[in-house]
2 protein chains.
Amino acid sequence: MIKKQLIMDKALELFAEQGFEATSVQQITAHCGISKGAFYLSFKSKDELILALIDHFMTQFITNIDYEVKNTKNDGDLLYKFYYTIFDSFHKHSDFGKILIKEQMQSFNEEFILKILAYDQLMEKVILSMVERLYGEKIEQIKYDLIYCIKGFMKTYSELFLFHNLPLDLNLLAESLVEKTNLLAKHITIPFISTELVQLFKQPTQKEVTKEQILDIIEQCIEEIAESIEKESLILLKQQLLEPTLSPVLVKGLLENIRTHPHCKWVAYLLRNYFGF
Amino acid sequence: MIKKQLIMDKALELFAEQGFEATSVQQITAHCGISKGAFYLSFKSKDELILALIDHFMTQFITNIDYEVKNTKNDGDLLYKFYYTIFDSFHKHSDFGKILIKEQMQSFNEEFILKILAYDQLMEKVILSMVERLYGEKIEQIKYDLIYCIKGFMKTYSELFLFHNLPLDLNLLAESLVEKTNLLAKHITIPFISTELVQLFKQPTQKEVTKEQILDIIEQCIEEIAESIEKESLILLKQQLLEPTLSPVLVKGLLENIRTHPHCKWVAYLLRNYFGF
DNA sequence: TATACTAATGACTAACTAGTCAGTTGTCAA
DNA sequence: TTGACAACTGACTAGTTAGTCATTAGTATA
């Protein structure tokens with residue numbers, strides 16, 4: 001397990017520099033100081049490593065944003081916190097950010113694209129819920145344009161510091177983008193992306209996660225982590241999922257317990273959605 | 001020469017699908033119906049092919065936009081024409097557009113990155129001149145933010161139709177983005193990208209093209225193209241470059257003669273800048 | 001028809017790749 | 001000390017890659 005993490009860390013560095021395909025398993029193992037065989041004890045294949053990386057960071061990423069959005073009570077702070085969290089994550093995990101921007105689309109492997117696309121749509125969902133909460137029905141006609149503008153800001157402004165490592169004033173960046181977003185939200189009259197247009201490319205993916213799938217993931221999580229409050233909470237949450245007995249406030253408390261544990265973030269996100277928090 | 005074009009066309013299709021590295025020379029030659037040896041008669045290496053592709057499309061691309069911007073007399077149409085031309089080009093050369101978005105940064109080869117970066121800066125220069133002409137000194141403080149927002153629009157909105165091939169209403173798209181751009185230009189008060197910040201990452205590249213370099217390129221161009229008005233014009237322009245004798249209006253006419261010829265577009269762009277049109 | 005030249009071929013090399021597996025090492029418990 | 005077991009190694013296979021070059025096909029001129 002610790003070895004798996006080592007490989008993922010070191011591989012990420014190389015991928016960010018050279019890209020997936022240009023990086024060989026040889027290079028990765030050399031960079032880790034382990035043998036080729038040891039690599040294949042942790043991962044079935046090179047592809048599995050890549051998928052694991054995507055899952056690891058994207059779940060972390062979306063989970064953070066989603067939590068921030070859902071738990072900011074004051075609407076006035078919401079956009080600011082959104083941008084701040086986004087760029088803070090990008091900055092902290094700049095290696096993964098580079099990969100994401102670089103390799104975001106059809107690199108070769110159908111599975112990668114679908115995975116990244118699915119996560120991209122989750123992110124859109126989070127942005128959409130934020131936009132709707134902030135601006136209400138007034139922006140019904142222009143909400144998809146707004147989402148695409150926000151995504152545009154995220155892309156161009158993150159490149160600015162991902163690829164030239166400049167000193168970054170996160171506070172100013174967030175404030176600046178909040179102003180831009182508010183401006184667009186208040187004054188756009190000519191939307192380009194209609195609801196019909198969105199339907200046209202939203203057919204695939206977007207499948208709901210079933211209770212059984214969540215149970216599987218909890219199970220896996222329980223095995224992975226050591227004896228702790230998080231583990232106890234997970235076990236109780238699993239029972240709650242099978243047979244609801246606890247009151248909502250208790251469940252919410254249990255979710256708070258596991259919220260920050262790196263291995264539980266994704267489960268926490270799924271459960272929050274499942275229980276309707 | 002005709003074979004070179006064939007290889008570039010067919011390679012582009014494969015690159016757009018699979019990326020540079022995932023596409024082998026074998027695949028390219030098979031797709032062209034030629035032998036491996038024949039490939040190496042046209043290009044010294046696989047890298048040379050890629051560089052040639054970048055040059056071919058980027059020069060075409062920037063040249064088109066630059067001409068459109070410089071030759072639109074009415075400021076009211078300028079932004080509209082800019083967006084229209086950009087997305088029209090992206091749409092027509094969607095294969096190259098995909099590659100550009102995908103592979104825009106450090107894929108592995110230092111030379112590619114520098115090339116694309118240099119063209120990117122040329123594009124920024126064109127956008128900057130347009131923004132300054134449209135909004136004047138009012139936007140002095142926010143002009144770089146404006147450029148980055150425009151680039152953000154270009155990125156997100158082009159992905160929309162590059163990767164899901166939807167029906168595209170170019171007119172509506174351009175109008176919609178014109179409105180957004182004007183909104184931002186008029187109301188932004190909190191810029192993020194200061195002039196100092198720009199200086200920090202603008203050190204490399206951006207070298208001016210010398211008269212001698214232009215002469216070299218003209219020479220090459222004259223050899224490449226058949227006997228024609230374009231060729232005659234080129235020869236006269238070359239003489240003008242060595243020894244200015246013709247009046248500006250005549251030079252401008254000669255430039256008009258070569259403007260649309262695919263092999264001369266880049267030369268025309270360089271000469272326009274050199275003669276100050 | 002003979003000659004000279006260029007265009008084109010594809011088997012070949014050397015260097016790489018992902019993935020395997022027989023064998024070695026290290027670490028425990030008995 | 002012995003035995004059992006898991007962790008680990010790196011030479012190995014089978015395949016792909018970019019690039020070369022002796023050979024051949026095609027064409028134009030004398």
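Naming: A, B, ... by sequence-line order, numbering from 1 per chain. Predicted model only: the values in this text are computed from it and were never measured.
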Those residues that, when tested against A:F57, pass ring pair (Phe, Tyr, Trp, His ring centres under 6.0 Å) (two or more places apart):
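Partners of A:F57 by the ring pair (Phe, Tyr, Trp, His ring centres under 6.0 Å) criterion, ordered by chain and then number, come out as A:H93, A:F96.
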Considering residues at least two apart in sequence or located in another chain, which fulfil the ring pair (Phe, Tyr, Trp, His ring centres under 6.0 Å) criterion with B:H31?
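Testing B:H31 for ring pair (Phe, Tyr, Trp, His ring centres under 6.0 Å), a comparison that skips the adjacent residues, returns none.
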So does B:K115 have more than 12 non-hydrogen atoms from other groups sitting under 6.0 Å from NZ?
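Yes, enclosed.
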Is B:K151 positioned over the aromatic face of B:Y148, cation under 6.0 angstrom from the ring centre and no more than 45 degrees off axis?
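Yes, B:K151 and B:Y148 form such a contact.
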How many whole angstroms separate atom [atom1] of [X] from atom [atom2] of [N]?
| X | N | atom1 | atom2 | answer |
| --- | --- | --- | --- | --- |
| A:L41 | D:dC5 | CG | P | 18 Å |
| A:I28 | C:dG19 | CD1 | C1' | 13 Å |
| A:L6 | D:dA7 | CG | P | 16 Å |

Heavy atoms under 4.0 Å is the rule here; annotate nucleotides 14-25 of chain D 5' to 3' with B where the base is hit, S where only the sugar-phosphate is, and - elsewhere.
---SBBB-----
Let me know which of B:E13, B:E17, B:Q18, B:K46 forms a side chain to side chain donor-acceptor pair (under 3.5 Å) with B:T23.
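So, applying the side chain to side chain donor-acceptor pair (under 3.5 Å) to B:T23 and each of B:E13, B:E17, B:Q18, B:K46, only B:Q18 qualifies.
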